[in-house]
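Heavy-atom basis, side chains included; hydrogens, waters and symmetry copies ignored. Order of appearance sets the numbers: ligands from 1, and atoms from 1 within every ligand.
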Amino acid sequence: MDDTDFPAEFDRVLFTEKQIAARVKELAAQVDEDYAGEDLLLVGVLKGAMMIMADLSRELKTPAEIDWMAVSSYGSGVTSSGVVRILKDLDISIEGRNVLIVEDVLDSGLTLRWLVRSLQARQPKTLRLLTLLRKPEAVRNQLDVAYVGFDIDNEFVVGYGMDHNEKFRNMGNIGVLNS
Ligand code: IMP
Ligand code: MG
């Protein structure tokens, strides 16, 4: 598939594979600089972070371990309530580790805010956030994010790990759905 091709359900492509790859490279360089010579544990949030985790971790020069969590928000399902249930917990202990949470997209940021509190209680040495995309509400909610790929408008995006009813995760591009 050509880099700019997109399915009929897309209104438009927001970021092409090439644009994403270039930005992920930059993020990885920043992470490498900040964690040089340090221990690093990447924690991905399933399932959306699958692509950014795969690409970011391969761009890193810093040796890193990888673990995953799965969480689900209680509430309407459309907007996040900030009340979260752990569906799959970490396999690795984070006590005394440098933990970097890797996310696909922050909307309200409420899920991540809850996750940060919950992981902080396990006494990591450091705990930071990286997200490929950030929407305006997360900025308004003043969520402290160390690494942001792109700030985007308040639109529903899919592709590159992100889904609508489990579809479009396997697209290389990120697109905006037809409304
Ligand atoms: P938040 O708690 O409002 O920040 O949203 C939590 C989760 O909702 C994100 O980690 C995504 O998995 C999902 N989400 C939010 N916005 C989008 C989107 O535009 N497309 C796909 N998933 C999204
Ligand atoms: Mg997510």
Side-chain angles (χ1 to χ4, degrees), residues 4-17 19-21 23-24 27 31 41-57 66-90 94 99-121 127-179:
T4 50
D5 278 349
F6 54 88
E9 296 96 328
F10 275 31
D11 177 50
R12 66 190 191 279
V13 170
L14 197 57
F15 300 107
T16 65
E17 290 194 55
Q19 289 173 312
I20 298 165
R23 187 66 186 123
V24 170
L27 290 174
V31 172
L41 172 61
L42 304 174
V43 169
V45 185
L46 292 169
K47 304 172 197 170
M50 56 186 260
M51 296 288 187
I52 176 68
M53 177 67 93
D55 288 343
L56 178 87
S57 61
I66 300 176
D67 203 355
W68 298 94
M69 286 187 87
V71 297
S72 96
S73 302
Y74 286 118
S76 70
V78 179
T79 49
S80 158
S81 61
V83 183
V84 178
R85 190 162 52 110
I86 295 177
L87 302 177
K88 187 228 166 279
D89 207 338
L90 297 171
I94 64 168
V99 176
L100 180 60
I101 300 177
V102 176
E103 254 286 40
D104 49 354
V105 53
L106 291 182
D107 183 1
S108 68
L110 291 177
T111 308
L112 254 285
R113 176 173 291 179
W114 182 92
L115 197 60
V116 165
R117 282 212 190 112
S118 150
L119 294 186
Q120 204 79 63
L127 181 61
R128 288 192 186 145
L129 296 180
L130 178 149
T131 187
L132 180 64
L133 305 180
R134 180 172 65 177
K135 295 190 192 180
E137 204 186 335
V139 180
R140 279 198 298 276
N141 286 339
Q142 297 186 320
L143 197 75
D144 186 17
V145 190
Y147 311 94
V148 178
F150 302 101
D151 275 300
I152 62 170
D153 292 337
N154 191 21
E155 295 182 296
F156 197 83
V157 295
V158 295
Y160 197 70
M162 292 169 283
D163 76 305
H164 180 249
N165 297 334
E166 297 301 327
K167 286 177 72 183
F168 309 112
R169 288 196 201 276
N170 65 326
M171 304 271 321
N173 299 326
I174 294 173
V176 176
L177 278 184
N178 284 319
S179 42

Asks: Provide the closest heavy-atom pair for Leu100 versus Leu129 in the form atom of the first, atom of the second, distance.
Replies: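 Taking every non-hydrogen atom into account, CD1-C, 3.9 Å.
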Asks: Return a yes/no value for Gly109: is any of its N or O atoms, backbone included, closer than 3.5 angstrom to an N or O of ligand 1?
Replies: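 Yes; at least one N/O pair falls below 3.5 Å.
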Asks: Can you tell me how the ring of His164 sits relative to the ring of Phe156, calling it parallel under 30°, perpendicular over 60° and tilted otherwise?
Replies: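 Plane angle over 60°, so perpendicular.
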Asks: Can a non-hydrogen atom of Val158 be found less than 4.0 Å from any atom of ligand 1?
Replies: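 No; Val158 lies far enough from ligand 1 that no heavy-atom distance drops under 4.0 Å.
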Asks: Rounded to the nearest 0.5 Å, what separates atom CE in Met69 from atom CG in Asp89?
Replies: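 That separation rounds to 4.5 Å.
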Asks: What do we get for Glu103 next to ligand 1 when only non-hydrogen atoms under 4.0 Å count, side chain, backbone, both or neither?
Replies: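 It is the side chain that touches ligand 1; the backbone stays farther off.
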Asks: Just to be sure I'm reading this right: ignoring hydrogens, which of Arg169, Arg134, Lys135 gets closest to atom 16 (N) of ligand 1? Compare them by their nearest heavy atoms.
Replies: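 Looking at heavy atoms only, Lys135 sits closest to atom 16 (N) of ligand 1.
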Asks: Which option out of Gly161, Gly48, Ser108 puts a heavy atom nearest to atom 3 (O) of ligand 1?
Replies: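 Answer by nearest heavy atom: Ser108.
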Asks: With a 4.0 Å heavy-atom cut-off (strictly under), which part of Asp163 contacts ligand 1: side chain, backbone, both or neither?
Replies: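 Backbone only; the side chain of Asp163 stays clear of ligand 1.
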Asks: Which of the atoms of ligand 1 are close to Thr111, meaning less than 4.0 Å from one of its heavy atoms?
Replies: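 Listed by number with element: 1 (P), 2 (O), 6 (C).
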Asks: Provide the closest heavy-atom pair for Leu41 versus Ile66 in the form atom of the first, atom of the second, distance.
Replies: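 Minimum heavy-atom separation between Leu41 and Ile66: CD1-N, 4.2 Å.
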Asks: Check each of Phe156, Trp114, Phe168 against atom 18 (C) of ligand 1 and report the one with the nearest heavy atom.
Replies: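 Looking at heavy atoms only, Phe156 sits closest to atom 18 (C) of ligand 1.
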Asks: Quick check: closest heavy atoms across Ser108 and Asn141, and the distance to 0.1 Å?
Replies: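 It is O-ND2, 2.8 Å.
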Asks: Under 4.0 Å from a heavy atom of Asp104: give me the atoms of ligand 1 that qualify, with their elements.
Replies: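 In order of number, 10 (O), 12 (O).
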Asks: Can you name the closest pair of heavy atoms from Trp68 and Lys88 and give their distance?
Replies: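 Nearest heavy atoms, Trp68 then Lys88: O-NZ, 3.1 Å.
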Asks: Can you sort out which atoms of ligand 1 are near Asp107, meaning under 4.0 Å from one of its heavy atoms?
Replies: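 Within the 4.0 Å cut-off of Asp107, ligand 1 contributes 1 (P), 3 (O), 4 (O), 5 (O), 15 (C), 16 (N).
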Asks: Could you go through residues 48-56 and list every donor-acceptor pair under 3.5 Å that involves a side-chain atom there, pairing it with any protein atom two or more places apart or in another chain?
Replies:
unit_1 : atom_1 : unit_2 : atom_2 : d
Asp55  : OD1    : Arg58  : NH2    : 2.7
Asp55  : OD2    : Tyr160 : OH     : 2.6

Asks: Consider ligand 1: state whether an atom of it lies below 4.0 angstrom from any non-hydrogen atom of Glu155.
Replies: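 It does; at least one heavy atom falls under 4.0 Å.
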Asks: What distance do Ile101 atom CD1 and Arg128 atom CZ have between them, rounded to the nearest 0.5 Å?
Replies: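 Reported to 0.5 Å precision, the distance equals 12.5 Å.
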Asks: Can you confirm, on distance only, whether ligand 1 has an N/O atom lying under 3.5 Å from any N/O atom belonging to Met162?
Replies: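 It does not: no N or O of Met162 is found under 3.5 Å from an N or O of ligand 1.
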